Amino acid sequence: MSVAATTGDPRTGDPRAEPLDCCGGLNNVDYSKIDLAPMEELLKRINFQDSGFCIAVIAIVFNPLFWNVVARWEYRTRTLSRLFGGPHLACYCLGFVIILLNVYRSHSMTVAMRTHPRWEVMDQPVIFYTGIALMVLGTLMVVTSFLALGFTGTFLGDYFGILMDEKVTGFPFNLTENPMYWGSTANYLGLAFIGASPVGLILTAIVAFSYKVAIRFEGPFTEQIYQQRSQRRKHE
């Protein structure tokens, strides 16, 4: 698919229309004309050497790394299940630790937002109420995900051998594959909007990126667990 644009040939001065590939991705974008001023203004308001900011970044990156490493270790060794006398209690304990880590992450992000200046560009009623809407949506997605999966389904019970009977496809999983992660991200973005916080935007972007990486590791591994169960059932 292409469209005609009167660009001409700069080498010959020919003003005739040349077809530009509108589906050619970003190859047709003139990056020299992109206005980077808003991004520069945002970055000016962030102290990347601030201890609170650094702690928040570490907490954001550490959390999904921790639960993925521990859950895979448990899957391969069953050490936690033996230590706690069974997979259910072991899963509950890991889930409790994950909750505490997430609470600390939220606290560290809030502290970083408070210690950095507000951005007058974001300090507008429409952005404030958009933030409230995002937090309502995010909370709805997180809560309904938890209710649909249950505690063990939410906190990596698959890795403990606690498998669900069938895949959950109802709300909010009919909207996105990972509503818990994206609902949490929406909450942080809403908090940044409400506080007109530029550092909140950056931290939320890091949250989204860390979740995106986690999904790339968790998704295929979880599918592998259920495929192995299906193969075992076929041979029984």
Side-chain angles (χ1 to χ4, degrees), residues 22-23 25-64 98-148 154 171-216:
C22 71
C23 299
L26 300 177
N27 293 329
N28 295 327
V29 177
D30 185 354
Y31 293 98
S32 64
K33 295 181 180 179
I34 296 178
D35 185 8
L36 298 178
M39 180 59 67
E40 292 175 355
E41 287 297 320
L42 184 150
L43 295 178
K44 285 179 182 178
R45 290 164 170 78
I46 301 173
N47 180 7
F48 292 96
Q49 297 180 345
D50 176 68
S51 60
F53 175 81
C54 295
I55 290 173
V57 171
I58 293 173
I60 291 169
V61 175
F62 174 78
N63 283 14
I98 292 174
I99 291 172
L100 291 180
L101 288 173
N102 287 341
V103 169
Y104 181 76
R105 177 185 60 185
S106 299
H107 170 73
S108 64
M109 291 178 66
T110 302
V111 170
M113 291 182 199
R114 288 176 178 173
T115 56
H116 281 74
R118 296 167 66 92
W119 192 13
E120 60 277 4
V121 174
M122 297 177 62
D123 201 0
Q124 302 179 29
V126 64
I127 293 180
F128 177 85
Y129 289 112
T130 300
I132 293 178
L134 283 169
M135 293 196 71
V136 171
L137 175 62
T139 301
L140 177 65
M141 293 178 68
V142 170
V143 171
T144 53
S145 297
F146 180 83
L147 294 176
T154 299
F171 181 85
F173 291 89
N174 57 349
L175 300 179
T176 176
E177 283 287 332
N178 301 277
M180 182 77 72
Y181 284 165
W182 302 129
S184 176
T185 303
N187 279 335
Y188 289 127
L189 182 59
L191 189 62
F193 279 10
I194 291 173
S197 173
V199 74
L201 296 179
I202 297 297
L203 292 175
T204 300
I206 298 174
V207 169
F209 178 77
S210 66
Y211 279 157
K212 191 70 175 179
V213 173
I215 289 169
R216 291 181 65 87

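All values reported here derive from a predicted model rather than from experimental measurement.
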| Interatomic spacing from CZ in Phe173 to OG1 in Thr144 - rounded to 0.5 Å | 7.5 Å

| field | Minimum side-chain heavy-atom gap Leu101-Tyr104 below 4.5 Å | value | no

| field | For Val136, side-chain contact (heavy atoms from CB on, under 4.5 Å) partners two or more places apart | value | Ile132

| task | Can you run down the side chain to side chain donor-acceptor pair (under 3.5 Å) pairs that involve residues 121-132, sequence neighbours left out, and say none if there aren't any? | result | Arg118-Asp123

| So how far is it from Asn63 CG to Asn102 CG, rounded to the nearest 0.5 Å? | 5.0 Å

| Contacts of Thr139 that satisfy side chain to side chain donor-acceptor pair (under 3.5 Å) - sequence neighbours left out | Asn187

| query | Can you find a pair of side-chain heavy atoms, one from Met109 and one from Val207, that are under 4.5 Å apart? | reply | yes

| message | Return the CG to CG distance between Leu137 and Leu175, rounded to the nearest 0.5 Å. | response | 8.5 Å

| field | Ser184 (side chain) donor-acceptor with Met180 (main chain) under 3.5 angstrom | value | no

| task | Specify the closest pair of heavy atoms between Val142 and Gly183, including all atoms of both residues, with the distance to one decimal. | result | CG2-C, 3.8 Å

| field | Counterpart residues, side-chain contact (heavy atoms from CB on, under 4.5 Å), relative to Asn178 (two or more places apart) | value | Tyr181, Trp182, Ile215

Show me the side-chain donor-acceptor pairs of residues 190-204 shorter than 3.5 Å, one per line, residues at least two apart or across chains.
from   : atom 1 : to     : atom 2 : distance (Å)
Ser197 : OG     : Gly200 : N      : 2.9
Thr204 : OG1    : Tyr188 : O      : 3.4
Thr204 : OG1    : Gly200 : O      : 2.7

| message | I'd like to know if the side chain of His116 and the backbone of Ala112 have a donor-acceptor N/O pair within less than 3.5 Å. | response | yes

| request: Given side chain to side chain contact (heavy atoms under 4.5 Å, CB included), test Met141 with Thr176 step by step and report yes or no. | output: CA-CA 10 Å; Met141 293 178 68; Thr176 176; 3.8 Å; yes

Could you give the side-chain donor-acceptor pairs of residues 54-62 under 3.5 Å, partners two or more places apart or in another chain?
none

